[in-house]
Amino acid sequence: MTGFSRRAGLGALLSLCAGLGATPAQAQAQAQGHDHGPIQAEAGWSRAAGAGRVGAGFITLRNSGAADRLVAARAEIARTVELHTHLHENGVMRMRPVEAIDLPANGAVTLEPGGLHIMLIDLQQPLNRGDTVPITLVFEKAGEVQAQLAVQSAGARGPAAAGGGHRH
Ligand SMILES: [Cu+2]
């Protein structure tokens, strides 16, 4: 009973916050590298998953400035978003939350299957192949960077082939 009302309250709060985010046009401009911050988020992708399930976000972060750290991520589509890594324990691969993801000065880090990733917990809507999902990445120094995840098939191993969203 209390659990239900708390969840309902959180949903209302998230909806309110979502209304304050960047417009899709702004998010797209930034995703395409038109913003002037030191960090570019490129080739974000995810996999198809059902509502109420867990999804994963993968992306390449390029840093043209000083060392920074990804400390959080937010997405309207998930009730909770965590930063995760994979660890091998006794031959079994397990996911673990991490406090932050280090981004070296003038370097890059790729979040990819089997490694670091963004965990989208309790999807509020299904992730359908072909969807584009906006996410907000929060860096310790650079602040918020808007990015997008292009949803691939459930078994995809990487982002769509170059130009996948722009076939002629
Ligand atoms: Cu995970």
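Order of appearance sets the numbers: ligands from 1, and atoms from 1 within every ligand.
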Task: ILVMFWY clustering at 4.5 Å (side-chain atoms), partners of Val138 - done: Val71
Considering all heavy atoms, the nearest [X]-[Y] contact:
X	Y	answer
Ala48	Val151	N-CG1, 3.6 Å
Leu127	Gly55	CD1-CA, 4.2 Å
Ala75	Ile135	CB-CG2, 3.6 Å

TODO: Mind checking how many protein N/O/S atoms fall short of 2.8 Å from the Cu ion (ligand 1)?
DONE: 4
Open item on the list: With heavy-atom distances below 4.5 Å as the criterion, would you say the side chains of Asn63 and Phe139 are in contact?
Closed with: no
Task: Nearest-0.5 Å distance that lies between atom CD in Gln148 and atom CG in Asp131 - done: 11.5 Å
